[in-house]
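Everything below concerns the one structure shown next.
Numbers restart at 1 for each chain; the letters A, B, ... are given by sequence-line order, proteins then strands.
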2 protein chains.
Amino acid sequence: MKHLPHKTIERLSQYRRALLICLDKGQTHIYSHEIAKIQHITAVQVRRDLMLIGYTGTLRKGYNVKELIELIGEIIDSQEGINVAIIGMGNLGRALINYFAGKRSHLKIVASFDINPDKIGNTMSGVPCFSSDDMGKIIPEKNIKVGIMTVPAEFASQTTDALVKAGIKGILNYTPKPVTVPKEVYLEEYDMITSLEKVAFYVKLNEKEEE
Amino acid sequence: MKHLPHKTIERLSQYRRALLICLDKGQTHIYSHEIAKIQHITAVQVRRDLMLIGYTGTLRKGYNVKELIELIGEIIDSQEGINVAIIGMGNLGRALINYFAGKRSHLKIVASFDINPDKIGNTMSGVPCFSSDDMGKIIPEKNIKVGIMTVPAEFASQTTDALVKAGIKGILNYTPKPVTVPKEVYLEEYDMITSLEKVAFYVKLNEKEEE
DNA sequence: AGAAATTTGTTATTTTTTTCACACTGTTAG
DNA sequence: CTAACAGTGTGAAAAAAATAACAAATTTCT
């Protein structure tokens, strides 16, 4: 397999989640149009994505839920699992920890960091909180590959630098402040304000078009 | 102006945020490649986006920060402002409220909802918390157009239905569960797990390529 | 058994988004 | 004054992503 499109990667992750729910319900097979409906996309797109990863369903029966989950796992998960840290134990950081707590997954949140002494030393949902000053030590020690930044915007740059220095390989930045990383580090930025403004924009547009 | 591409809308929102920071610093002009660098995109793309909204800069001086901020506002903001509600006062809901608190913006969070009696009646950062049962009353009353869903996944569907029934026009779903809305409601879903899995995937890929 | 219906897999097409290439124009240096 | 430079604006091309169209295969119906 050469290059999976970026968008396909995202969708595979989403398909898997939908499929896991189906599996829990005891559903053994699923049609492309069922997956499509859940994800608000077209059935063709689902089939194309699955074609790209080389999975073929059963004609008239659809896709085998269990098999597909496993295949997606082989594609997007890494063999050994990946350790993740959350930097910034504010509301957002805590939300993420709860989110992930107890989820079977190859992604394990193994540490969190904060500068607030009241938080350092505590454990939340099994995740210990360390001082941000110790990132340089803990990150290599625990073999942490990915960092999720949920610090206040004003600390975004310095936190990024510290993460990079500590040898992190990927950063997911939830700070509203864009940061810069060397090209060997994969960076994904997500900005809640942008999403909200986008929704507002299209709401406005819909209203206008109704007139 | 006909149709701005989806992606352009998102970027405009981001440009504006970067520009606001520049403005605060006292910077009066900015080059396309400076904006580009902040957003990790190319200068051509910035120029093209600005072309699409009909803004023209000054040759050799770049773009006037203040003017551009205002123009972007005219394009993406709505005249009257838009009222927003947060449904689910868990960690994520609180994170969002803090995020927006005190931000000058045409988007105003005017209410939050929860089912926990301890939270109902409280005010956080100036935002009152109501019972989820009262959405049908409060949403029209306060003219709330957009709802941000930060409830646990298992309540996603029923919350969506209640929002739609209450007359909401746009939903931003932070729940990991995809929901369905009638087509006159604009829906945006964002899934943190997908983002994290994507980062992990590309980290893995980078490591493989290094071999 | 044959026809109708349904669903997959894939090629071709279209649409959307990004990038290239370059004309144009002030600005600065000599 | 002129040449080199550094920026903008934009048509054209390329790349990425989504959609359409349809053959093939299996099930169901009659």
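- Residue A/Arg48 places no side-chain N or O under 4.0 Å from the OP1 or OP2 atom of C/dT13.
- Checking C/dT8, C/dT17, C/dT18 against every side-chain atom of A/Tyr63, the shortest atom distance belongs to C/dT8.
- Taking atom CG on B/Leu52 and atom C1' on C/dT17, their separation rounds to 11 Å, with Å as the unit.
- B/Gln39 and B/Tyr15 share no donor-acceptor pair across their side chains, judged by distance under 3.5 Å alone.
- Rounded to a whole Å, the NE2 atom of A/His3 is 13 Å from the C1' atom of D/dA15.
- A side-chain N or O of B/Ser157 and one of B/Lys177 form a donor-acceptor pair less than 3.5 Å apart.
- Closest to the side chain of A/His6, from the set C/dG9, D/dA17, C/dT19, is D/dA17.
- Atom P of nucleotide C/dT17 and atom CD1 of B/Ile41 are separated by 14 Å, given to the nearest angstrom.
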**OP:** Show the numbers, then the answer: is there a side-chain contact (heavy atoms from CB on, under 4.5 Å) between A/Arg94 and B/Arg94?
**Re:** CA-CA 11 Å; A/Arg94 291 200 298 275; B/Arg94 291 199 298 274; 4.3 Å; yes
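- Only one option out of B/Leu163, B/Ile87, B/Val151 pairs with B/Phe113 in a side-chain contact (heavy atoms from CB on, under 4.5 Å); it is B/Ile87.
- Distances were taken from every side-chain heavy atom of A/Ser32 (C-beta onward) to each of D/dT10, C/dT8, C/dT19; the shortest belongs to C/dT8.
- Here the side chain of A/Arg60 is nearest to one of D/dG7, D/dA6, C/dA5, namely C/dA5.
- If you measure from atom NZ of B/Lys61 to atom P of C/dG26, you get 13 Å, rounded to the nearest angstrom.
- Straight-line distance from the NE2 atom of A/His40 to the P atom of D/dA18: 15 Å, rounded to whole Å.
- A donor-acceptor pair shorter than 3.5 Å can be found between the side chains of A/Glu67 and A/Tyr55.
- Between A/Leu59 and A/Lys7, it is A/Lys7 whose nearest contact on DNA chain D lies nearer the 5' terminus.
- Among C/dT11, C/dT18, D/dA20, the nucleotide with an atom closest to any side-chain atom of B/Arg11 is C/dT18.
- Phosphate contact (OP1/OP2 of D/dG9, side-chain N/O of B/Tyr31, threshold under 4.0 Å): absent.
- For B/Lys37 and D/dG7, the NZ to P distance is 13 Å, given to the nearest whole Å.
- Distance A/Arg47 CZ to C/dG9 P: 8 Å, rounded to the nearest Å.
- Distance CD1 (B/Ile9) to C1' (C/dT16): 14 Å, rounded to an integer number of Å.
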